[in-house]
There are 2 protein chains.
Amino acid sequence: MSVEDKQKPQRNDRVTIRTVATHAGVSVAAVSKVMRNAYGVSEALRAKVTDAIETLGYRPSRAARGLRGRSFTIGVLLIDIRNPFLPEVIAGVNGVLAPSHYQAMIGVSDARVQLETSLIESMIDYKMDGLVLVAPRLPSEILAKFAAQIPIVAVGYHDAGATAFDTVNADDQRGAEIAVEALLACGYRDIEMLSLGEREGHAVSVVRQREIGYRRAMQRGGLGASAPIGKIPIAPLKREAAMRKFLARKDRPRAVFCWSDLDAITLLSLAMEMGVRVPEDLAVIGYDNSSTAALGLVNLASIDQSGRELGQIATRALISRIEGRTAAEHILQTPSLVSRNSLIGSEDARQG
Amino acid sequence: MSVEDKQKPQRNDRVTIRTVATHAGVSVAAVSKVMRNAYGVSEALRAKVTDAIETLGYRPSRAARGLRGRSFTIGVLLIDIRNPFLPEVIAGVNGVLAPSHYQAMIGVSDARVQLETSLIESMIDYKMDGLVLVAPRLPSEILAKFAAQIPIVAVGYHDAGATAFDTVNADDQRGAEIAVEALLACGYRDIEMLSLGEREGHAVSVVRQREIGYRRAMQRGGLGASAPIGKIPIAPLKREAAMRKFLARKDRPRAVFCWSDLDAITLLSLAMEMGVRVPEDLAVIGYDNSSTAALGLVNLASIDQSGRELGQIATRALISRIEGRTAAEHILQTPSLVSRNSLIGSEDARQG
DNA sequence: GATGAAATGTAGAACGTTCTCCATATAACG
DNA sequence: CGTTATATGGAGAACGTTCTACATTTCATC
């Protein structure tokens, strides 16, 4: 604003590292050093540079940074935002990142493997510093190949043998066991699991893990002989049809463990519609402890796996990996039961 | 794999535009032209280059692209992923982007203005090609300042006077009118609106728009004299308390219009808990037509604003702006009513 | 053929950082 | 005072693209 404003030979108005250097009367390299707080900077220099940055409102270009060194961005890949579990994970990631100078960018693949691959590639091409993949659909070898190019932490992906990347999981086997144990404790013996249609199943997926836990707990309860698992397709229409069929069955079980709240809640709705009383005719327990499950109207017992916590742990693991760790880590959190009326009728009946 | 493999003087293993050029026996510039399908490329050249790209599995670095020209990425900014309306918008954005060579990166600001600003800046620093801001909290002048640096389309931000950026909205005034008209048509006269606590209110926000529509419709219905608006705070605990107080009121109205499904559904839950029958004692209509509202257990009448469609329209607008349009566009979609049992009791009663 | 216009391909300078040497100044030590 | 270590600051080459300006070729048209 003053007269000697002309001094700057900038032809454009973008403030670059060069502008800052000129303004502070130091070299470009010096400014860069201050930015990255690298070794070999005196207090005096740091002060000058910091001042200049402040006055000019300088922000380093992430694009340029990525071209040469760190971009201070981590990518988060989600298969599907509709699942109420995922926002929690994001919240956890953002929480850990907030005080650092890292930032998260999120990609959504809508469960399409094609898009998932291309988003991961994009994030690599952006030279992001690391990736958190939530419930990826990709096979382990492919993930390992990507992990050679960029630090990766997978959440909701059971592959404790992976050496190229870390995994962070709730113990889904244990979670399913807890669910079954709760049903057994309520006295139910005729129990079935409703799981996800076959197309979705790598062994690494949370669904298959829950099936394993379910079977084991049934076995332990002396019900190993019949531990039936019904498969519910994902396509909305087929899904409802399958559930209606299940509810109408003559030999319908007395209690059901659903692999996910999403299915459990739909089941509850259809049960009400078809006159099947919960829990008098059918006890239901879900998985995820979503906010919908907690609604008084729904009141669904569920396994809580604290997505927020998983997000936090995953992010911390990723940062430590970015900062040099190379040995793979595989972290397992124990989930917990949240008991509600769908499990066992209480004195204050469900219907208000 | 053959003997003459040594020809490549590549010291690293990253496939760059130079690798491709060498492999195809053309210049770097030529490859770049093919990539951007720019003018001045013969069929023969294009074929050679395309082949080389294919064989080498070349992917251009987004970081480097951003440094010079387009990055072919658009940023999407969300205030909060928990709102069930937002996944729909994302789906719309991704749908339009899928066939193009653009990709979306999402940032989540958790309703914190600080973080919102810094995410927008980051996206600019990444040289993203354009931004879709969903329900931004920032004042119009600030958005205009950003819009000078990057094409911006705001969704859920009523500022038809903005010249620097586009807006895409459902007509929230009209939506509220439709809700009130539906209540009037059912014969209710004693109607109240439950809106959002005061802290949240620029005039540009969807909430305030819905209040305006509510008042106008009440006026038209001859109820202008008393068109009460209750304010519900956002903090979870205060929120519930306020709703309980509302439900317990002696002069509780006969029907209520909630600014959002999130609130309406909580209200429904508390009503059940407190023995207030819906719709016999209290009719409820929400806003967003979230998937939860559609559940048989919930059965909440709601205004549908098709987030997916808004996302699609916003994305198309953004692309046209990236490609040169400068005159601002302000698009308004008309929402529609989805009638359900919370509005008026049907012969098949709510309780199955 | 000669001439101009249009089409095609290339060289090489940006873009804004980081980071590896270097050069210098200062301190420490015999 | 030399000599050697240490701390500080700077030059300049990357990084992998895009894109302008130019050189060359091809094609009509007279």
Side-chain angles (χ1 to χ4, degrees), chain A residues 9-49 52-53 56 58-73 101 121-122 124-129 149, chain B residues 9-49 52-53 56 58-73 101 121-122 124-129 149:
Chain A
Q10 289 295 116
R11 60 159 196 228
N12 206 342
D13 52 351
R14 161 124 208 166
V15 176
T16 80
I17 198 175
R18 225 169 302 273
T19 327
V20 176
T22 315
H23 188 99
V26 299
S27 75
V28 167
V31 178
S32 175
K33 275 187 179 175
V34 172
M35 292 297 302
R36 304 171 281 134
N37 45 21
Y39 175 83
V41 186
S42 68
E43 267 320 306
L45 181 75
R46 157 162 277 112
K48 271 194 292 186
V49 171
I53 288 176
L56 296 171
Y58 166 68
R59 300 186 325 247
S61 152
R62 295 203 172 227
R65 275 189 150 171
L67 195 52
R68 199 70 179 74
R70 297 272 186 87
S71 67
F72 292 100
T73 304
H101 41 279
E121 286 174 346
S122 273
I124 293 174
D125 298 342
Y126 256 124
K127 283 269 173 60
M128 292 190 173
D129 295 337
Q149 306 175 58
Chain B
Q10 288 296 115
R11 61 160 198 229
N12 206 342
D13 54 350
R14 161 127 206 162
V15 176
T16 79
I17 198 173
R18 227 168 301 274
T19 327
V20 177
T22 315
H23 188 99
V26 299
S27 74
V28 167
V31 179
S32 175
K33 271 188 179 177
V34 171
M35 293 296 304
R36 303 171 281 135
N37 47 19
Y39 174 83
V41 186
S42 69
E43 267 320 305
L45 181 75
R46 156 162 277 113
K48 271 195 293 188
V49 171
I53 289 175
L56 296 171
Y58 165 68
R59 301 184 328 246
S61 150
R62 293 202 177 230
R65 273 189 151 171
L67 195 52
R68 199 69 180 74
R70 296 273 186 86
S71 66
F72 292 100
T73 305
H101 40 278
E121 286 175 346
S122 271
I124 293 175
D125 297 342
Y126 257 122
K127 282 269 173 59
M128 291 191 175
D129 295 336
Q149 306 175 58

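Note on naming: letters A, B, ... go to the chains in the order of the sequence lines (proteins, then strands), and numbering restarts at 1 for each one. What you see is a predicted model, and the numbers here were worked out from it, not measured in a lab.
- Checking the phosphate oxygens (OP1, OP2) of C/dA7, a side-chain nitrogen or oxygen of B/Tyr39 falls inside 4.0 Å.
- One finds no side-chain N or O of A/Arg68 lying less than 4.0 angstrom from the OP1 or OP2 phosphate oxygen of C/dC19.
- The interatomic distance linking B/Arg18 (CZ) with D/dT17 (C1') rounds to 9 Å, in whole Å.
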Run the numbers on A/Lys33 and A/Val49 for side chain to side chain contact (heavy atoms under 4.5 Å, CB included), then give the verdict.
CA-CA 10 Å; A/Lys33 275 187 179 175; A/Val49 171; over 6 Å; no
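- Note on B/Arg46: nothing from the nucleic acid sits closer than 4.0 angstrom, heavy atoms only.
- Distance, B/Arg62 CZ to C/dT17 C1': 20 Å, rounded to whole Å.
- Of the two residues near DNA chain C, B/Gly40 and B/Ala64, the one whose nearest nucleotide lies more 5' is B/Gly40.
- The distance from atom NZ of A/Lys127 to atom C1' of C/dC15 is 15 Å, rounded to the nearest whole Å.
- The side chain of B/Ala29 approaches C/dT10 more closely than any other nucleotide in the set D/dT17, C/dT10, D/dG10.
- As judged by a 4.0 angstrom heavy-atom cut-off over every strand, A/Ser32 is placed among the base-contacting residues.
- Ranking C/dT10, C/dA7, D/dT8 by closeness to the B/Ser27 side chain, first place goes to C/dT10.
- Between B/Glu121 atom CD and B/Tyr126 atom OH the span is 14.5 Å, to the nearest 0.5 Å.
- Closest to the side chain of A/Ile17, from the set C/dT17, C/dT10, D/dT18, is C/dT17.
- Of the options A/Arg59, A/Arg62, A/Arg65, a side-chain hydrogen bond (donor to acceptor under 3.5 Å, both in side chains) to B/Asp125 is made by A/Arg59 and by none of the others.
- The phosphate of C/dC19 has OP1 or OP2 within less than 4.0 Å of a side-chain N or O from A/Arg36.
- Remark: C1' of C/dA25 and CG of A/Leu45 are 15 Å apart, rounded to the nearest angstrom.
- Using a 4.0 Å cut-off, some side-chain N or O of B/Tyr58 falls inside it from OP1 or OP2 of D/dT17.
- For the pair B/Arg65 CZ and D/dT18 C1', the computed distance is 9 Å after rounding to whole Å.
- Note that NZ of B/Lys48 is 7.5 Å distant from OG of B/Ser42, once rounded to the nearest 0.5 Å.
- With distances taken from any side-chain atom of A/Leu67 to the nucleotides D/dC15, C/dC15, D/dG9, the minimum falls on D/dC15.
- Looking at B/Ile53 and B/Met35, their side chains come closer than 4.5 Å, going by heavy atoms from C-beta outward.
- We find that CE of A/Met35 is positioned 12 Å from C1' of C/dT18, with the value rounded to whole Å.
- Across the protein-nucleic acid pair, B/Arg70 atom CZ and C/dA14 atom P stand 22 Å apart, rounded to whole Å.
- Across all strands shown, A/Phe72 has no heavy atoms under 4.0 Å from either base or sugar-phosphate atoms.
- Both B/Lys33 and B/Arg59 lie close to DNA chain D; mapped to their nearest nucleotides by heavy-atom distance, the more 5′-ward contact belongs to B/Arg59.
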